[in-house]
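Okay, so here's the structure we're looking at.
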Amino acid sequence: MASVLIVGANRGIGLELCRHLSARGDSVLATCRRSTPELEALSGVQVHTDVDVTSPETVAALVFRLGPQSLDLLFIVAGIMKPVDLAHFNADLVREQFEVNALGAVRTTVQLLPCMKDGAKIGLLTSRMGSIADNSSGGSYGYRMSKAALNAAGRSLALDLRPRGIAVGILHPGWVRTDMTQRQGLIDAASSAEGLIQRMDELSMDSSGTFVHQSGELLPW
């Protein structure tokens with residue numbers, strides 16, 4: 001039984017990761033800013049509220065609450081997407097997405113490293129919209145830029161954590177029907193979660209730091 005922490009677990013993909021991992025017998029801890037009835041209804045999931053990736057103080061409080069607990073798997077799911085195109089470029093909205101999707105995700109990971117076992121795994125939920133080579137439609141400046149930054153940080157984390165045997169997965173969940181995508185997409189959150197878990201189960205030190213679709217397809221940077 002693995003000990004798993006999912007950051008950003010109150011809905012969508014994070015909620016389904018909790019559901020699937022707890023159902024297979026893992027010990028699941030879930031964090032969010034505010035819980036939901038759906039999350040509270042999951043049996044055996046320990047919920048920690050008031051955890052915000054943009055607030056180092058709330059993450060530090062979580063680390064204190066975890067105490068001597070050690071983690072086998074960390075999923076960083078929390079993220080936001082706000083439209084920013086060339087005709088309506090808004091630097092504040094770009095900055096907000098950087099704060100959550102890139103800086104918040106990486107800073108939270110770093111703060112939680114003392115709770116992680118040597119040989120543990122980290123899954124960073126990113127997007128193929130952060131791929132420069134795959135960008136054929138333009139737009140979405142804040143989201144693309146912040147996810148590209150997260151991809152770069154994920155690669156560095158994989159290299160820097162190699163001495164501890166901690167593998168890092170840089171994961172695209174697919175085009176998923178969630179609130180973030182206004183219920184548009186090719187797959188549902190449950191199917192995405194299944195694929196993401198499989199990718200993390202397969203993750204090794206040899207594949208650490210690669211950018212991969214939940215289907216298993218390797219993605220270009």
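- Transitive grouping of hydrophobic side chains (ILVMFWY, heavy atoms separated by less than 4.5 Å) keeps M200 and M205 in distinct clusters.
- How far CD1 of I13 is from OG of S192: 4.0 Å, rounded to the nearest 0.5 Å.
- Side-chain polar atoms of D72 and S3 form no donor-acceptor pair below 3.5 angstrom.
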Hey, mind stepping through R34 and R11 against side chain to side chain contact (heavy atoms under 4.5 Å, CB included) and telling me if it holds? CA-CA 10 Å; R34 294 175 297 276; R11 60 181 183 172; over 6 Å; no
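- Residues A30 and V45 share a closest heavy-atom pair of CB-CG1, 3.8 Å.
- Note that SG of C32 is 10.0 Å distant from CG of L15, once rounded to the nearest 0.5 Å.
- The environment of R107 atom CZ is dense: over 12 non-hydrogen atoms of other residues, nucleotides or ligands sit within 6.0 angstrom.
- For the atom pair M129 CE and S146 OG, the distance stands at 9.5 Å (nearest 0.5 Å).
- The closest side-chain heavy-atom distance from V63 to P114 is not below 4.5 Å.
- Between D26 and R24 there is a salt bridge, since a side-chain N of the basic residue sits under 4.0 Å from a carboxylate O of the acidic one.
- Pairing each heavy atom of D134 with each of P220, the nearest pair is CB-CG, 4.3 Å.
- No side-chain donor-acceptor contact under 3.5 Å links D206 and S204.
- Residues V7 and F75 form no side-chain contact, since every pair of their non-hydrogen atoms from C-beta on lies 4.5 Å or further apart.
- A distance-only check finds no donor-acceptor pair linking the side chain of S140 to the backbone of Y143 [under 3.5 Å].
- Annotation: the span from K121 atom NZ to E202 atom CD amounts to 9.0 Å, rounded to 0.5 Å.
- Tested against I122 for a side-chain contact (heavy atoms from CB on, under 4.5 Å), the candidates L73, L157, I170, L161 yield a single pass: L161.
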Working note: R144 + Q97, criterion side chain to side chain contact (heavy atoms under 4.5 Å, CB included); need CA distance, chi angles, decisive distance, verdict. CA-CA 9 Å; R144 289 188 186 279; Q97 290 172 88; over 6 Å; no
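- Of all heavy-atom pairs spanning G169 and L203, the tightest one is N-CD2, 3.5 Å.
- Nearest approach of S127 to F211, heavy atoms of both residues: O-CZ, 3.4 Å.
- Taken together through direct or relayed side-chain contacts under 4.5 Å among Ile, Leu, Val, Met, Phe, Trp and Tyr, V100 and V84 form parts of separate hydrophobic clusters.
- Side-chain contact check for L125 versus L150: every heavy-atom pair is 4.5 Å or farther apart.
- The backbone N or O of S55 sits less than 3.5 Å from a side-chain atom of T58, completing a donor-acceptor pair.
- No side-chain donor from either of T54 and E99 sits under 3.5 Å from a side-chain acceptor of the other.
- Within the 4.5 Å cutoff, the side chain of T49 has no heavy atoms near those of the R33 side chain.
- Note on W221 and L159: separate hydrophobic clusters, where clusters join Ile, Leu, Val, Met, Phe, Trp and Tyr whose side-chain heavy atoms are under 4.5 Å apart, directly or indirectly.
- The minimum heavy-atom distance linking H48 with L62 is given by the pair CG-CD1, 3.8 Å.
- Side-chain contact between L29 and L66 is present, with heavy atoms from C-beta onward closer than 4.5 Å.
- The same ILVMFWY cluster, assembled from side-chain heavy atoms under 4.5 Å apart, contains both Y141 and F98.
- Within a 6.0 Å sphere centred on NZ of K117, other residues, nucleotides and ligands contribute more than 12 heavy atoms.
- A heavy-atom distance below 4.5 Å is found between the side chains of L42 and C18.
- Atom CG of residue N101 and atom CG of residue L124 lie 12.0 Å apart, to the nearest 0.5 angstrom.
- Scanning all heavy atoms of the two residues, the minimum distance from A102 to A149 falls at CB-CB, 3.9 Å.
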Please determine whether side chain to side chain contact (heavy atoms under 4.5 Å, CB included) holds for the pair V4 and S27, giving the CA-CA distance in whole Å, both sets of side-chain angles, and the decisive distance to 0.1 Å. CA-CA 6 Å; V4 183; S27 174; over 6 Å; no
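- I76 is connected to I80 through a chain of hydrophobic side-chain contacts under 4.5 Å among Ile, Leu, Val, Met, Phe, Trp and Tyr, so both are in one cluster.
- Taken to the nearest 0.5 Å, the CG atom of L5 stands 9.0 Å off from the CD atom of Q69.
- S208 and R155 are not linked by any side-chain donor-acceptor pair at a separation below 3.5 angstrom, with hydrogens and angles left out of the test.
- L93 places a side-chain heavy atom less than 4.5 Å from the side chain of E96.
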Chi angles and distances behind the side chain to side chain contact (heavy atoms under 4.5 Å, CB included) call for M116, R164: CA-CA 10 Å; M116 303 201 68; R164 288 188 57 188; 4.3 Å; yes
